[in-house]
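Encoded as structure tokens, the structure appears first; notes follow it.
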Amino acid sequence: MLNQSAFANSSAILTAALYTVFYLVSLIAPDFFRLLFNAQFLGADVASLLPKEISLGSFIVTLVIMVITVWVFVYIWVWLYNRLNR
């Protein structure tokens, strides 16, 4: 049986860390960011759909929404897993 809160917390923390790393890379090395971001989509130029600059406010709002969404989704996922694993 998996601990729902621990799994959701760890997933949310990893999501926040990864999003922050991507944001920092976009600020420090934009060309590498484009390469890294597009590599997730098998080389499709998805990075061209992103705004040229992301404000700190937008970054924080998106980070909060992502962390909450991941936490809730993973919590429900582990709850369902534990229920089906009985």
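Quick note: numbers below take in every heavy atom, side chains included, and nothing from hydrogens, waters or symmetry partners.
- Partners of Trp79 under the ring-ring contact (aromatic ring centres under 6.0 Å, His included) rule, at least two apart in sequence or in another chain, do not exist in this structure.
- Residues meeting the ring-ring contact (aromatic ring centres under 6.0 Å, His included) test with Tyr81, sequence neighbours left out: none.
- Note that the CG atom of Leu56 and the OH atom of Tyr23 stand 5.0 Å from one another [nearest 0.5 Å].
- A continuous path of hydrophobic side-chain contacts links Leu27 to Ile60 [ILVMFWY only; heavy atoms under 4.5 Å].
- Listed by first then second residue, pairs satisfying salt bridge (Lys or Arg N to Asp or Glu O under 4.0 Å) with a partner in residues 22-43 read Arg34-Asp45, not counting sequence neighbours.
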Which atom pairs, donor and acceptor, lie under 3.5 Å between side-chain atoms of residues 63-74 and protein residues at least two apart or in another chain?
unit_1: Thr69; atom_1: OG1; unit_2: Ile65; atom_2: O; d: 2.7
unit_1: Trp71; atom_1: NE1; unit_2: Asn9; atom_2: OD1; d: 2.7

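- Take Leu42 and apply the side-chain contact (heavy atoms from CB on, under 4.5 Å) test, not counting sequence neighbours, and it matches no residue.
- In the hydrophobic clustering, where aliphatic and aromatic side chains (Ile, Leu, Val, Met, Phe, Trp, Tyr) are joined below 4.5 Å either directly or transitively, Val25 groups with Leu18, Val21, Phe22, Phe32, Phe33, Leu35, Leu36, Phe37, Phe41, Val46, Leu49, Leu50.
- When all heavy atoms of Gln4 and Asn82 are compared, the closest pair comes out as CG-ND2, 4.0 Å.
- One N or O on the side chain of Ser10 and one on the backbone of Phe7 form a donor-acceptor pair closer than 3.5 Å.
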